[in-house]
Amino acid sequence: MQIELISFGKISDFISNQILEIEGIETTDDLKKHLEKNFPGLADIKYKLALNKNLVQQNSEIKNRDSIAIMPPFSGG
Amino acid sequence: MQIELISFGKISDFISNQILEIEGIETTDDLKKHLEKNFPGLADIKYKLALNKNLVQQNSEIKNRDSIAIMPPFSGG
Amino acid sequence: MSEKKIKNIFVTGSIAPEFIAKSISNHSPKTSIGGHSIFLGQVRKDEVDGKLVSAVEYTAFEELALTKMHEIREAIFSKYPLSCLHVHHSLGDIKAGEICLFVFTSSKHRKPAIEACNELVERIKAELPIWGKEIFTDETHQWKENS
Amino acid sequence: MSEKKIKNIFVTGSIAPEFIAKSISNHSPKTSIGGHSIFLGQVRKDEVDGKLVSAVEYTAFEELALTKMHEIREAIFSKYPLSCLHVHHSLGDIKAGEICLFVFTSSKHRKPAIEACNELVERIKAELPIWGKEIFTDETHQWKENS
């Protein structure tokens, strides 16, 4: 299936916004493992995911055409 | 001796600024008693004195030509 | 940061929002500042026994107030790592809806500015010999008491 | 006090002192207000390894930030007896010395405005998906981290 990946802050320095083709990934926890393998820089960074513009607070199911945002610690204000 | 009396806030509604002729009064505690007798409205009000522009924190000697301010609770801001 | 000169804090009439804007923009060259904290006191149109407050007339024992404010300023500068500290208080008639107190603190990180501003407001209200006389629309008055 | 409409908090570029003045004067007809508390974030010209920050470039996940801000606003209005609550945050390049955050609360008595303002600043910094990129004078950058 296809998901839309959007990245912010320092993560946007090494992961650009893209359409990602993934197989065998059903949940946000699966996706995290996949992303950390494919983008080694991610492993050292605290980050949160948002699924279709909602903050992911617990492991959640991913469906085709979902939008996933990868967000490092916030630094507004 | 003569002292200058200045009053503020609600106390200025019934004690006007004036030169006061006093005899047998040597300290601010004496003066308080004198004022409360002569201006009965004062007895019901919490007030502080300032002697020559310094807040009176403890009983202090009064001299001829001193300036005494009578101040009700502050309400600035 | 100790300032030997006793600063005047009193202004006649209300504090204009444009004055506040100018005061803020004056700090733009001070690029070590990261946070500003501001408190503004505004005159309320309170209702007392069916009568409305139209203005508060402020008077002060100015010399004593400025000496005391100098003391407070020194204490606050010793206690908090501030870049700046400004206080302005109105004298005379301030209409309901107008600003009568402007406290402005600045520091590198936000916490000292915020804490110093709060402490200043408390100390100004408790320790400065300033009195507010609430003038009602029927021209009677009552003396304000701080809560 | 609950406001159903999701308000935008983002402005492109810095927050002008004149905008702050206008915002203050808008509250003059609200004569039940007795105190305003304001926090302003200003971009610092920090030095990092001998390089000076010339600007911070702010980006946000805007939709998520506005939903979260709506939630925070409702929580703050439930917790404190406020008359008003306004938040403005910059996006884009904000130069050192310019204002990037404006938090403004008002209430009848001072305490709720002051406490709500402090809590808002903390929550905005911790909970809104906004990122600051410090741009150095040599055009290199580093991502800001909130302390």
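Proteins come first, then strands; the chains are lettered A, B, ... in the order of their sequence lines, and each starts at number 1. Computed over heavy atoms, backbone and side chain alike; hydrogens, waters and symmetry mates excluded.
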ask   = Is there a donor-acceptor pair closer than 3.5 Å between any side-chain N or O of A:S75 and the backbone N or O of D:G132?
value =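 Yes; at least one donor-acceptor contact below 3.5 Å.
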inquiry  = Checking the side chain of D:H89 only, and the main-chain atoms of A:G76 only, is there a donor and an acceptor separated by less than 3.5 Å?
reply    = no
Most heavy-atom pairs under 4.5 angstrom with chain A, which of [options]?
{"options": "D:E127, D:Q42, D:K133", "value": "D:E127"}
{"options": "D:L101, D:L40, D:L64", "value": "D:L64"}
{"options": "D:P129, D:G41, D:C100", "value": "D:P129"}

Would you say that more than 12 heavy atoms from the other residues, nucleotides or ligands in this model lie under 6.0 Å from the [atom1] of [X], or not?
{"X": "D:E139", "atom1": "CD", "value": "no"}
{"X": "A:Q2", "atom1": "CD", "value": "yes"}
{"X": "D:K51", "atom1": "NZ", "value": "yes"}
{"X": "A:Q18", "atom1": "CD", "value": "yes"}
{"X": "D:K95", "atom1": "NZ", "value": "no"}
{"X": "A:N64", "atom1": "CG", "value": "yes"}

Identify which part of [X] has an atom lying under 4.5 Å from any heavy atom of chain A, answering side chain, backbone, both or neither.
{"X": "D:Y58", "value": "side chain"}
{"X": "D:A60", "value": "backbone"}
{"X": "D:L128", "value": "backbone"}

task = Please assess A:K10 against D:E145 for the test salt bridge (charged side-chain N to carboxylate O under 4.0 Å, His left out), listing each intermediate value before the final yes or no.
result = CA-CA 10 Å; A:K10 64 178 164 190; D:E145 308 221 340; 3.1 Å; yes
task = Against chain D, label A:D13 side chain, backbone, both or neither, depending on which of its atoms sit under 4.5 Å from a heavy atom there.
result = side chain
task = Quick one: pull up CD1 in A:I11 and CH2 in D:W143 and give me the separation to the nearest 0.5 Å.
result =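 Between atom CD1 of A:I11 and atom CH2 of D:W143 there are 10.0 Å.
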ask   = So do the side chains of A:M71 and D:F61 get within less than 4.5 Å of each other, counting heavy atoms only?
value =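 Answer yes - side chains close enough.
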request  = On the 0 to 90° scale, with breaks at 30° and 60°, tag the A:F74-D:W131 ring pair as parallel, tilted or perpendicular.
outcome  =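 Because their plane-to-plane angle is over 60°, the rings of A:F74 and D:W131 count as perpendicular.
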inquiry  = Please identify, among A:P73, A:S12, A:P72, the residue contributing the most non-hydrogen atom pairs under 4.5 Å to chain D.
reply    = A:P72
